[in-house]
Amino acid sequence: MADEDERRVDDLRVRIDRLLCVGFGDCVDAAPQAFALDEESVAVFARPEHIEREQLLEACAACPVDALTVWDSGGKKLVP
């Protein structure tokens with residue numbers, strides 16, 4: 001798997017930096033529909049398009065090592 005995984009969710013661009021992720025799982029706790037931990041205990045996308053925008057932003061902001069980054073459609077960084 002690549003070092004980064006990125007997905008568009010409505011007007012947001014969400015990126016997981018797999019090299020930064022250490023598997024705390026705070027994103028999974030905050031939004032288990034959006035994120036999961038793989039067999040290496042690294043965050044992966046589940047179904048982020050199935051949760052509310054604010055919940056997705058909160059889950060991404062919960063990452064203690066800033067492995068999740070979110071930009072809006074204009075390119076403004078929202079998280080971290």
Side-chain angles (χ1 to χ4, degrees):
M1 184 171 269
D3 292 342
E4 294 180 343
D5 191 10
E6 191 168 292
R7 188 172 293 183
R8 285 232 175 252
V9 181
D10 295 324
D11 68 329
L12 302 175
R13 183 168 51 110
V14 182
R15 179 182 297 157
I16 300 172
D17 185 326
R18 294 179 51 79
L19 295 177
L20 286 179
C21 181
V22 294
F24 284 122
D26 292 1
C27 61
V28 178
D29 292 340
Q33 317 88 310
F35 300 102
L37 295 180
D38 66 9
E39 62 279 348
E40 298 172 357
S41 293
V42 174
V44 294
F45 289 111
R47 297 173 56 169
E49 62 278 359
H50 291 274
I51 67 169
E52 297 292 324
R53 183 180 199 267
E54 287 306 312
Q55 186 181 6
L56 179 60
L57 290 171
E58 288 173 17
C60 292
C63 180
V65 296
D66 296 337
L68 299 166
T69 307
V70 183
W71 295 268
D72 67 13
S73 60
K76 178 182 176 188
K77 189 188 282 188
L78 304 176
V79 176

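As the structure is a prediction and not an experimental result, all values here were calculated from the model.
- Taking each heavy atom of I51 and A31 in turn, the nearest pair found is CD1-CB, 3.8 Å.
- Linking Ile, Leu, Val, Met, Phe, Trp and Tyr whenever their side-chain heavy atoms come within less than 4.5 Å leaves V42 and F35 in two separate clusters.
- For P80 against D66, the heavy-atom pair with the smallest separation is CB-OD1, 3.5 Å.
- In the hydrophobic cluster analysis, where Ile, Leu, Val, Met, Phe, Trp and Tyr join through side-chain heavy atoms closer than 4.5 angstrom, L68 is grouped together with L78.
- Nearest heavy atom pair, residue L57 against residue V70, reads CD2-CG1, 3.7 Å.
- In the hydrophobic cluster analysis, where Ile, Leu, Val, Met, Phe, Trp and Tyr join through side-chain heavy atoms closer than 4.5 angstrom, L56 is grouped together with F45.
- The shortest side-chain heavy-atom distance between V79 and W71 does not fall under the 4.5 Å cut-off.
- Atoms CD and CZ, from E49 and R7 in turn, are 5.5 Å apart once rounded to the nearest 0.5 Å.
- Taking the side chain as every heavy atom from C-beta outward, F24 and V65 approach each other to under 4.5 Å.
- D72 places a side-chain N or O within 3.5 Å of a backbone atom of G74 that can act as its donor or acceptor partner.
- A distance of 11.0 Å separates CG in L37 from CD in E40, rounded to the nearest 0.5 Å.
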(message) Go through it in stages, so that I can follow the logic: the residues are D38 and R18, the test is salt bridge (Lys or Arg N to Asp or Glu O under 4.0 Å), and I'd like the CA-CA distance, side-chain angles, deciding distance and then a yes or no.
(response) CA-CA 11 Å; D38 66 9; R18 294 179 51 79; 2.9 Å; yes
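- With Q55 contributing its side chain and A30 its backbone, the two residues share a donor-acceptor pair below 3.5 Å.
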